[in-house]
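Right, one structure below, let's go through it.
Predicted model, so just to flag it, every value in this text is computed and none were measured. By convention in this document, chain letters (A, B, ...) are assigned in the order of the sequence lines, proteins followed by strands, and residues within each chain are numbered from 1.
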There are 2 protein chains.
Amino acid sequence: MVAVVLRALIDFCQSGKCGLFGKGGLIMFDVTADYVTYHLIDLPPVITLGVFGGILGSLYNFFLDKVLRLYNLINEKGKAYKLLLAATVTVCTSCCLFGLPWIAACKPCPTDTREACPSIGRSGNFKKFQCATDEYNDLASLFFNTNDDTIRNLYSAGTDDEFHISSILVFFIASYFLGIFSYGLALPSGLFVPVILTGAAYGRLVGMLIGSQSTLDHGLFAVLGSAALLGGSMRMTVSVCVIILELTNNLRMLPLVMLVLLISKVVADAFNANVYDLLVRLKGFPHLEGYAEPYMRQLSVSDVVTGPLQTFNGIEKVGHIVHVLKTTGHNGFPVVDEPPFSDTPTLYGLILRDHLLVLLRKKDFIRSCTASTLNALNHFSHAEFAKRGSGKHDRIEDIELCPEELEMFVDLHPFTNTSPYTVLETMSLAKALILFREVGLRHLLVLPKSSKRAPVVGILTRHDFMPEHILGLHPFLFKSRWKKVRLGKVKVTNIF
Amino acid sequence: MVAVVLRALIDFCQSGKCGLFGKGGLIMFDVTADYVTYHLIDLPPVITLGVFGGILGSLYNFFLDKVLRLYNLINEKGKAYKLLLAATVTVCTSCCLFGLPWIAACKPCPTDTREACPSIGRSGNFKKFQCATDEYNDLASLFFNTNDDTIRNLYSAGTDDEFHISSILVFFIASYFLGIFSYGLALPSGLFVPVILTGAAYGRLVGMLIGSQSTLDHGLFAVLGSAALLGGSMRMTVSVCVIILELTNNLRMLPLVMLVLLISKVVADAFNANVYDLLVRLKGFPHLEGYAEPYMRQLSVSDVVTGPLQTFNGIEKVGHIVHVLKTTGHNGFPVVDEPPFSDTPTLYGLILRDHLLVLLRKKDFIRSCTASTLNALNHFSHAEFAKRGSGKHDRIEDIELCPEELEMFVDLHPFTNTSPYTVLETMSLAKALILFREVGLRHLLVLPKSSKRAPVVGILTRHDFMPEHILGLHPFLFKSRWKKVRLGKVKVTNIF
């Protein structure tokens, strides 16, 4: 739909009625102008590009991590510090962007170009800046364009002589560090375009240094440089391939892009994790990996379940619910039917903290511990149990109950999820993790093997599957991680 | 790797040392020769192409289904019939391919082509056939090329006058029905390339009929025609998009290809299922859909578990195992420890038919019912339990045991999977299906809610989740399928 509408508008605007609008297209940086071909001789420069791209990408992540930790320390001090930090970095960036072009020498305008040279307008390859009327400042051309235009200029074929190597070097270093310092401020900023831009400058630089060994154009080196730095920093191979392909509309470059991405990813993986993992870890989110660690196969779920377990009766005293909600941070509680409502304690299901809060807020309590309120559900509308937006959770502290109400009861049966996913306590931890990840659970109930015990042994949440938690409970596994599987197996068999 | 090696070999072979090898490339049908552009006015012809492509695609599936049912009836009669059928169709196809070009009129060779005209060799656009020395037969050019070359010819831009409309029509009808009749024979044949080829002819035909309304080239119509027929027959949108894109190396056509695919898929979905679903159904494979049907939410797993359940003791009599394996077709059996080995009957795990057969074949039995063989595992190598190739299963009938051995015992404990996935009997069937599909299970054990009953209620396999099985057990649900969800809910609440 977007493509068809955009195409129609482009058709309409090519008559010149829409100002700048008609300049865009479906492909952002079209580099198909030339028929791209490459040979075996081009492999060494391209591999070199990938190796150093991986190193630069992992360094990017390293610096970004350090800078974000520093910023977090400052931002935590208050809003004034947050604003001051953003303002300081903004002023420094502006000084840097405006000051650096002064160190570049002026270059004479090329005679065979169709573009205006020199230009003072908004877009264009040849910026006048401080130069004479038939000269241009190549560093200013890079700095004083939008990111998109600069990337398009760097990707352009047949512009090998347009930039001086010192300008490209200065631009690369500046955009590398400015990209790092401008992320994490109280400003809208991203990771993707800065890395593409820095990578394009990096690729041009490599092209100028060792491009004479190959038949590739410097514009192609810029495209591959972007891929190398994206691969080294983001470590997403398939997505970056598709993005580069869509940006440049050149399927023939796919093998080279894939090669560069693989090399830079492998090199960078030797040093640190990808930038998104670093950000997730920095935020403290419990991110569960998609695969089970080998030592998880040696554990059963009962080895990682930690207590004490809080359960509710099917008809529970209000005071007890309030006490449990105030003293624990759990989000799900098993509901167990005790005698006289069943002949033995039986698991009825799982109730969520959010739903308990709705019940407490409504104050639809019963005086005695009897199952009589068959139509309790009718007192509630579906909307009351709807999931709230982020940060809009009810809190138990906000609900005020008088002592009399605390002595009353509430029937949890109609509000309990009677189909929670369960595993037996002897289940392999690795297989429980697969269930947890593949089905996308928040709570996993652990049932006892023997029928003589309480009907629920515990609840597994994401935190229980985190390697830090498991290795904290079973520190000897940390050593066996680095030993052969067989050794680890023997050790564990002896201990359990 | 493939791309880099291929590129190196192409470089090497361009010197002419490798014969035909050097003609290939990474892109199969390169149609980027012209800068493709399209406008709003092209939409009506393209939408028409998609609509009729969808109708033709669903008709293709309909005919294929009928023909395959007929072929299956013939093939079942024996190998001689199978061969005879293949031979008959082959002879008919040959007669058709060789006979049809006779009805086409000869066309004079174009003067402005670089290709040889007319040609009698293996490849080329202009076949001489029965024509004079400066004429060519356009229908013969389509029939007497490899499929790849014909597709490339049809996709070529700037060849609008090369083919006569009657030739394209004859070729389209012939390849449409030959494609249907040659699938399912005792011959190597496929679906993809015939459909692409037929679609290319279909696209050309539409281009000739209504192409004057648009600015698109007939070669582009051929590409879109392939997409339309693939979409109408295979119904795979994203994959076909990528395939068309990779075959033609033209990202700018993506919006048009997407549009045609969506239209033809939607139109064809109104008539019948996609060709792969038809084939799976024809073969009788129990294919489980990825989503739960609405009525599954109203059932619990205990509603679909069917008995009787066959379980084994931890230490089981050989005769009983042989009897159960001979009288049932089950592939997995729960292993339950009974007193005196545990104080109450306890689920130990799940054992597979294949592993039981390995145990019986080895005849490593014990004389009395005692748990003493701690090192039973040492008598077996891992390779003995390895999964066999398709069709190489052991059969219980092939294992011969004397009456004395049938009275002995075998300890199943070391060979039992002690971590089977389990659900409680009150679990919602829809949620059990999600677990079954997402984790990719073959057996799912159903545990009782009450601890007083046997430790296993039943086993769910793929067949138990099939709509036919469920609706056979609960026929009233079939009606509620077509009613509103609310109605269905009320009915079921009343019944359970």
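- Considering only heavy atoms from C-beta on, N313(A) stays 4.5 Å or farther from V335(A) through its side chain.
- Most heavy-atom pairs under 4.5 Å with chain A: of the set L424(B), V301(B), L256(B), this distinction falls to L424(B).
- Heavy-atom distances place no part of D337(B) under 4.5 Å from chain A, backbone and side chain included.
- At distances below 3.5 Å, not a single donor-acceptor pair connects side-chain atoms of R297(B) with backbone N or O atoms of S428(B).
- Residue contact with chain B, scored on non-hydrogen atoms closer than 4.5 Å, is absent for D42(A).
- A 4.5 Å side-chain heavy-atom check between L445(A) and Y421(A) finds every atom pair outside the cut-off.
- In this structure a side-chain-to-backbone donor-acceptor pair under 3.5 Å is present from E425(A) to K449(A).
- Heavy atoms closer than 4.5 Å to chain A are found nowhere in F436(B), neither backbone nor side chain.
- Residue T346(B) touches chain A through its side chain alone, counting heavy-atom pairs closer than 4.5 Å.
- No other option in L435(A), L262(A), I434(A), V423(A) has as many heavy-atom pairs under 4.5 Å with chain B as L435(A).
- Note: Y348(B) and H413(B) have perpendicular aromatic rings, judged against thresholds of 30 and 60 degrees for the angle between ring planes.
- Between the side chains of K431(A) and S419(B), no donor-acceptor pair is found at a separation under 3.5 Å.
- For T418(B), the part lying near chain A is the backbone, with the side chain staying farther off; criterion is any non-hydrogen pair under 4.5 Å.
- Between chain A and the options G440(B), P420(B), P455(B), the largest number of non-hydrogen pairs under 4.5 Å is found for P420(B).
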